[in-house]
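Structure record follows, encoded as structure tokens.
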Amino acid sequence: MSEEHYLELSENPLQFEHASSVNNVFFDEANKQVFAVRSGGATGVVVKGPDDKNSIAFRMDDKGEVKCIKFSIGNKILAVQRTSKSVDFINFIPDYPHMEFSQECKMKNASVLGFCWTNWNEIVFITDQGIELYQVFPDKRSVKLLKSQSLSVNWYQYCPETAVLLLSTSMQGNVLQPFAIRNGTLSKMTKFEIELPVVPKPAKLSLSERDIAMATIYGQLYVMYLKHHSRSANSPSAEVVLYHLPREGACKKSHVLKLNTTGKFALNIVDNLTSLIYDIHLREPDCALNTHQPVLPARSIHPYRIPLTDSSSWSVFQPNIIISASEGYLWYLQGKLPPTVNLLHDKGKLMDFLLRRSDFLEGGEKGSLPVVATVFDKLNQVYKEHLEAEHTYTLVMESGPSRNSAAQKRPVRTQAVIDQSDMYTHVLSSFTERKGVSHKFIIAVLMEYIRSLNQSQITVQHYLYELVIKTLVQHNRFYMLHQFLQYHVLSDSKPLACLLLSLESTYPPAHQLSLDMLKRLSTANDEIVEVLLSKQQVLGALRFIRSVGSHDNVSARKFLDAAQQTGDHMLFYTVFRSFQQRNQRLRGNPSFNPGEHCEEHVVHFKQLFGEQSLMKAATV
Amino acid sequence: MSLTSILSAEAIESAVKDCQEPNSFNYKSFFQLCGLTSKTPQEVKDVFQLLDEDNSGYIEEAELKFFLQRFVPGARALTDAEAKTFVSAADDDSDGRIGAEGHANQAPWRCRQRSQVKLMLMVSPRMAAVTQEKQYTPSLLSFFVYNPSFGPREGEEEKKILFYHPREVEKNEKIRNVGLCEAIVQFTRTFCPSKPAKSLHTQKNRQFFFEPEDNFWIVMIVRNPMVEKPNKDGKPPTVEYQEEEVLDTVYGAVLRQCYSMYKLFNGTFGRAMEAGGVELLVQKLEKFFYRYLQTLHLQSCDLLDVFGGISFFPLDKMTYLKIQSFVNRVEESLSLIKYTAFLYNDQLIWSGLEQDDMRILYKYLTTSLFPRHSEPELAGRDSALRPEVAGNLLHYGRFLTGPANLKDPEAKFRFPKIFVHTEDGYEELHLIVYKAMSAAACFMISASVELTRDLCERLDALVGPQLTLLASDICEQFTLNRRISGPDKEPQFKFIYFNHMNLAEKSTIHMRKTASVSLTSVHPDLMKILGDINCDFARVDEDEEVIVKAMTDYWVVGKKSDQRELYVILNQKNANLIEVNEEVKRLCATQFNNIFFLD
């Protein structure tokens with residue numbers, strides 16, 4: 001069962017004291033920190049981050065119930081909101097005074113909905129009447145207003161990666177006004193409206209912050225509208241509507257993910273590719289760690305539905321965090337394998353999944369090959385982009401550190417890059433051995449992969465060719481093999497030529513194919529000579545070595561040995577004389593150098609043809 | 001409209017005059033002479049309509065007898081034999097009449113032929129120069145199949161004979177001839193039991209013996225070429241037989257090919273015997289060879305028949321892989337298809353069949369099926385040559401075997417059946433040949449499956465658009481490659497290349513092959529030299545090289561390296577041996593630099 005699960009919660013969940021009457025739990029999405037505040041901070045605050053195991057623990061005075069608590073970036077300053085009017089700050093920089101200081105919102109009668117740190121010392125307050133951007137000076141214990149904007153706000157969402165603040169305005173709350181906050185400036189982006197399924201009359205707030213999430217997918221900011229199924233309406237099923245929010249220009253509705261489920265749900269993003277949806281209403285008895293259900297292929301952009309466990313006390317944060325406050329756990333949702341390869345494997349499995357499907361389809365449904373082809377093409381497109389990025393990087397590195405070298409980062413394989421060796425080891429090699437799949441289909445898939453690589457102009461590695469050859473040979477499809485080689489579909493390489501040579505006993509033409517390949521490589525003249533000599537084609541070898549112009553530095557012994565072995569005296573004579581002539585030309589003397597170790601051949605020659613037949617040194 | 005508005009009166013006259021003698025009518029030379037071969041398809045169609053006396057849309061055999069008179073009122077009628085040959089050449093559905101469409105699709109008056117015939121005239125100086133002498137090319141005298149074990153007793157000899165061409169020969173003569181062959185084979189067996197005589201040379205003819213299956217013998221008797229020299233004083237002309245002109249290897253290969261072709265469509269003799277005894281075998285032989293022998297053109301057989309090679313279409317890797325992908329997809333979605341072969345421009349690109357089967361199928365496709373179905377695509381959209389089949393505007397695909405028009409409610413879904421080797425014996429397959437523009441795909445489906453309209457429609461819908469696209473892709477790629485490699489310069493040399501390992505052949509000597517003739521651009525004497533060199537090569541296993549200076553000042557070079565053979569004809573009369581050798585080396589370096597071919 002567990003192998004079928006492709007998603008899991010991280011193995012070591014972050015543990016914290018669960019929420020209770022004396023313990024409040026907060027989560028800061030920007031720093032991904034969990035705050036456990038006991039008794040308003042008087043009996044201690046424990047902060048746990050995602051990566052750093054070291055938690056921060058401190059005490060602060062209990063000045064009332066804490067509504068919101070967040071560290072600035074880098075844990076420099078702690079901001080605590082206790083009233084609806086003001087936010088208090090505490091320095092966490094060593095050597096700075098630890099005294100709290102406080103800031104009230106500027107607008108009169110406004111109440112602070114919350115705040116977000118946008119830098120180590122910049123904070124934005126969101127009030128029901130607008131937003132205010134402040135700079136905090138911890139040394140002076142003072143706060144300076146940088147910018148403010150007034151508009152009525154229902155609620156807000158903040159995306160730390162892109163520093164975009166999304167405000168809900170209007171009566172129904174469905175007019176969203178995004179702001180980009182950068183370097184102490186507030187820039188208003190184009191506002192947009194979410195289409196509501198039902199327009200309530202009279203107008204009332206009908207879009208809540210729970211319905212909206214922001215996430216970056218493929219480096220683009222999306223606003224996701226979680227359209228929950230409402231039992232009253234006739235909407236067939238829940239869906240997620242993605243609005244693409246570009247830096248410039250208007251926001252566009254770009255994708256709809258159909259869920260085909262009903263009930264409430266939350267949404268996570270695990271690495272750009274997959275949107276994961278769980279129905280947090282379904283219960284599963286054992287909610288400890290691995291809480292997955294088999295993969296179900298769903299609609300459109302491969303969303304998979306995972307009915308999850310333990311109910312409503314779960315909070316889901318972007319991009320992939322699940323918190324159970326009541327139990328005191330924080331999990332990361334992740335793919336099955338360790339983070340670096342998790343996607344890769346994920347994709348590999350997808351491939352596998354498709355391939356497995358195809359033999360299911362053997363009898364009935366048809367046309368899985370085009371699907372496989374499309375998948376290959378997509379994979380290889382990404383692979384090619386990665387290769388190119390790597391290539392540029394190498395080029396830049398080789399050209400020496402230049403001015404902009406700092407900007408050049410080594411391309412990381414974050415995206416689903418699946419190279420040939422992954423494909424070979426994880427998918428193709430096991431696929432070719434799978435029983436019950438027709439060899440025709442196996443070969444078709446292999447050729448399809450090679451075609452796809454070629455189409456992306458990626459050099460195909462020889463082990464893929466070897467796999468093709470192996471498969472063809474196994475099924476006695478020699479003629480097919482011959483045709484592939486004839487059209488140079490299987491590119492030349494020494495390993496391949498050697499493999500062909502080894503096939504000669506079962507398929508004689510392989511000999512010719514192999515020689516042709518060696519010839520084309522043009523770096524394999526020695527191998528050609530060896531092959532010819534082993535076939536006792538001594539004259540052929542001699543002619544060949546002459547035609548490529550390395551007659552002068554070839555080992556005479558090798559040829560003489562081969563000639564002697566044939567038992568053909570005339571052949572031996574010819575070869576012997578040919579080398580004597582060579583010696584004459586090179587050194588002015590027909591005899592062999594001692595280093596050439598041809599003494600026994602000289603003796604043999606004398607025995608056969610007599611002393612007088614030996615070519616004598618020119619008697620000038 | 002009259003004929004003379006299309007064809008010139010002079011041309012018609014000379015054409016009719018040319019065949020004044022009974023039995024001298026040859027539609028090819030006739031159409032050539034009257035100028036029809038150079039007319040547009042529409043004009044050809046008009047001529048056809050004028051000839052179709054009763055406007056039936058068909059020219060019947062009876063009408064055809066007065067064919068010449070439709071051109072010139074006083075001309076003679078065609079003999080029965082001439083009319084028959086004419087009909088059988090143009091009539092593809094063997095209903096004894098020529099239809100407008102049948103005609104249009106047929107070889108006789110295609111425009112393409114024009115240049116070829118001209119070439120033929122150009123290269124046959126002997127015929128043109130010596131007007132007084134009459135040259136006869138080798139021709140088929142008789143062809144028979146017998147099995148000695150069927151009539152071992154005296155008086156039962158007739159039973160041995162399974163097929164005899166020509167049919168008209170008197171029974172006793174048949175028996176005599178068969179007996180003679182039997183005797184010769186038996187006699188030579190006493191010297192070498194395993195290798196009895198393969199051929200018998202006589203002054204007037206040459207006989208070839210072939211035993212394809214145990215006790216089944218096929219014999220072909222070829223009349224030697226001869227020259228008839230007229231004598232003065234009204235004496236009968238002297239006939240000189242040129243018995244040395246005939247090459248054993250060439251006609252031996254032709255004979256074997258006859259059997260292979262029979263086997264491709266009928267399976268072995270043994271199979272027919274098992275299925276229906278001698279009676280069925282006799283029937284099958286009669287049915288097959290009666291038509292096949294008419295297509296045998298012994299005068300144009302040469303070295304290429306010995307090789308029986310396959311010409312491969314040169315293609316870059318990517319396009320090749322696309323074709324692979326296409327074939328795999330079709331085979332996957334129509335799993336009935338067992339094998340697929342892919343050809344372009346009558347050249348092979350992919351074969352799922354084994355080599356030997358492909359070799360003979362290739363021969364059939366390129367010399368019989370394809371030439372019969374000229375390319376209506378080339379004829380333009382509204383030309384008469386374009387059959388109505390192309391009602392489908394989305395693609396150019398059409399069936400070359402089976403239904404001519406899918407939309408025709410009475411279309412028959414019958415495909416030729418072929419036999420191919422398997423690990424254990426033979427299997428029978430339907431042969432579906434589907435073509436779009438210059439790309440042809442052959443799909444082979446087990447004969448046990450009944451092919452239905454539904455299947456054909458599915459195939460058409462699936463393959464048609466893809467194949468059309470692929471064909472234009474290949475065409476584009478091909479012209480692109482050609483442009484890169486530079487314009488085709490007329491090379492100084494002509495060559496034939498053959499590789500025994502993959503049967504690849506390449507010839508710059510032969511023009512495009514048609515159903516009837518393969519035309520060469522060199523003198524027959526040179527072809528003979530090539531054949532001789534080939535015989536020499538066949539004798540030994542080792543690599544060899546032969547350089548010959550022909551009487552006509554041409555140099556002929558033959559090279560054999562491993563399993564490859566290369567024959568080059570150089571037209572450099574002042575070159576010496578060394579220069580010729582250099583020239584050939586250069587040719588190898590440019591044309592064959594990617595194979596291991598020893599200098």
Side-chain angles (χ1 to χ4, degrees), chain A residues 358 361-363 365-370 372-373 438 440-441 443-445 447-448 450-455 457 476-480 482-492 507-520 522 528 531-532 535 537 539-541 543-544 546-547, chain B residues 310 312-335 337-342 348-358 423 458 462 466 499-504 542-543 545 561-564 585 588-589 592-599:
Chain A
S358 52
L361 299 178
E362 203 75 358
E365 230 178 302
K366 287 291 160 193
S368 59
L369 208 51
V372 172
S438 77
K440 239 183 185 178
F441 187 71
I443 292 163
V445 168
M447 290 319 286
E448 206 53 68
I450 290 176
R451 180 201 57 77
S452 178
L453 285 172
N454 268 299
Q455 194 162 297
Q457 295 173 315
N476 276 322
R477 288 286 178 268
F478 288 107
Y479 190 45
M480 283 191 183
H482 203 128
Q483 295 181 65
F484 288 148
L485 288 160
Q486 203 173 314
Y487 280 97
H488 307 298
V489 167
L490 311 177
S491 308
D492 304 337
Y507 184 63
H511 174 73
Q512 193 191 59
L513 289 168
S514 166
L515 272 184
D516 291 350
M517 194 177 276
L518 290 170
K519 161 91 186 293
R520 284 192 297 268
S522 79
I528 292 178
V531 170
L532 291 176
K535 292 248 129 193
Q537 294 177 336
L539 274 188
R543 281 167 70 195
F544 170 74
R546 244 189 231 178
S547 72
Chain B
I310 294 170
F312 286 91
F313 188 76
L315 204 60
D316 66 296
K317 181 157 71 171
M318 198 54 229
T319 321
Y320 184 78
L321 284 167
K322 272 192 207 162
I323 292 168
Q324 269 296 313
S325 179
F326 161 77
V327 168
N328 288 334
R329 283 174 195 204
V330 173
E331 286 190 4
E332 201 220 2
S333 41
L334 290 169
S335 58
I337 298 172
K338 289 197 90 166
Y339 309 100
T340 308
F342 194 100
L348 186 67
I349 293 179
W350 167 254
S351 158
L353 282 181
E354 286 304 313
Q355 204 175 43
D356 282 337
D357 294 320
M358 193 60 226
E423 274 151 32
R458 262 167 61 208
L462 178 78
Q466 288 192 57
N499 182 354
H500 288 271
M501 286 285 123
N502 60 355
L503 305 181
E542 271 156 47
D543 294 358
E545 189 163 344
S561 166
D562 196 17
Q563 299 291 321
R564 297 183 162 107
K585 267 190 186 170
C588 291
F592 305 104
N593 59 343
N594 56 354
I595 57 171
F596 184 79
F597 199 71
L598 273 177
D599 295 316

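What's counted below: heavy atoms across the whole structure, side chains too, no hydrogens, waters or symmetry copies. Protein chains get the first letters and strands the later ones, always in sequence-line order, with residue 1 at the start of each.
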Inset, instruction - Among Phe484(A), Phe478(A), Tyr479(A), single out the residue with the greatest number of heavy-atom pairs under 4.5 Å to chain B. - result: Tyr479(A)
Legend entry - Gln512(A) and Arg564(B), any side-chain heavy atoms less than 4.5 Å apart: yes
Inset, instruction - Check Tyr320(B) against Val489(A) and note the closest heavy-atom contact, atom names and distance. - result: CD2-CG2, 3.0 Å
Inset, instruction - Measure the shortest side-chain to side-chain distance between His511(A) and Met501(B) over non-hydrogen atoms and say whether it is less than 4.5 angstrom. - result: no
Inset, instruction - Could you tell me whether the side chain of Arg451(A) reaches within less than 4.5 Å of the side chain of Gln324(B), counting heavy atoms only? - result: no
Inset, instruction - Could you tell me whether the side chains of Ser547(A) and Lys585(B) share a donor-acceptor contact shorter than 3.5 Å? - result: no
Legend entry - Heavy-atom side-chain contact between Phe441(A) and Glu331(B) under 4.5 Å: no
Inset, instruction - Name the region of Glu448(A), side chain, backbone, both or neither, that has any atom closer than 4.5 Å to a heavy atom of chain B. - result: side chain
Inset, instruction - Counting only heavy atoms closer than 4.5 Å, note whether His488(A) contacts chain B via side chain, backbone, both or neither. - result: both
Inset, instruction - Would you confirm whether Gln483(A), through its side chain, and Ser351(B), through its main-chain N or O, come within 3.5 Å as a donor-acceptor pair? - result: yes
Inset, instruction - Please examine the side chains of Ser325(B) and Met447(A), heavy atoms only from C-beta on, and report whether any two atoms are closer than 4.5 Å. - result: no
Inset, instruction - Report yes if some heavy atom in the side chain of Tyr487(A) is under 4.5 Å from a heavy atom in the side chain of Trp350(B); otherwise report no. - result: no
Inset, instruction - Look only at the side chain of Lys440(A) and the backbone of Glu332(B), and say whether a donor-acceptor pair between them is shorter than 3.5 Å. - result: no
Inset, instruction - Assess the side chains of Asn502(B) and Gln486(A): does a donor N or O sit below 3.5 Å from an acceptor N or O? - result: yes
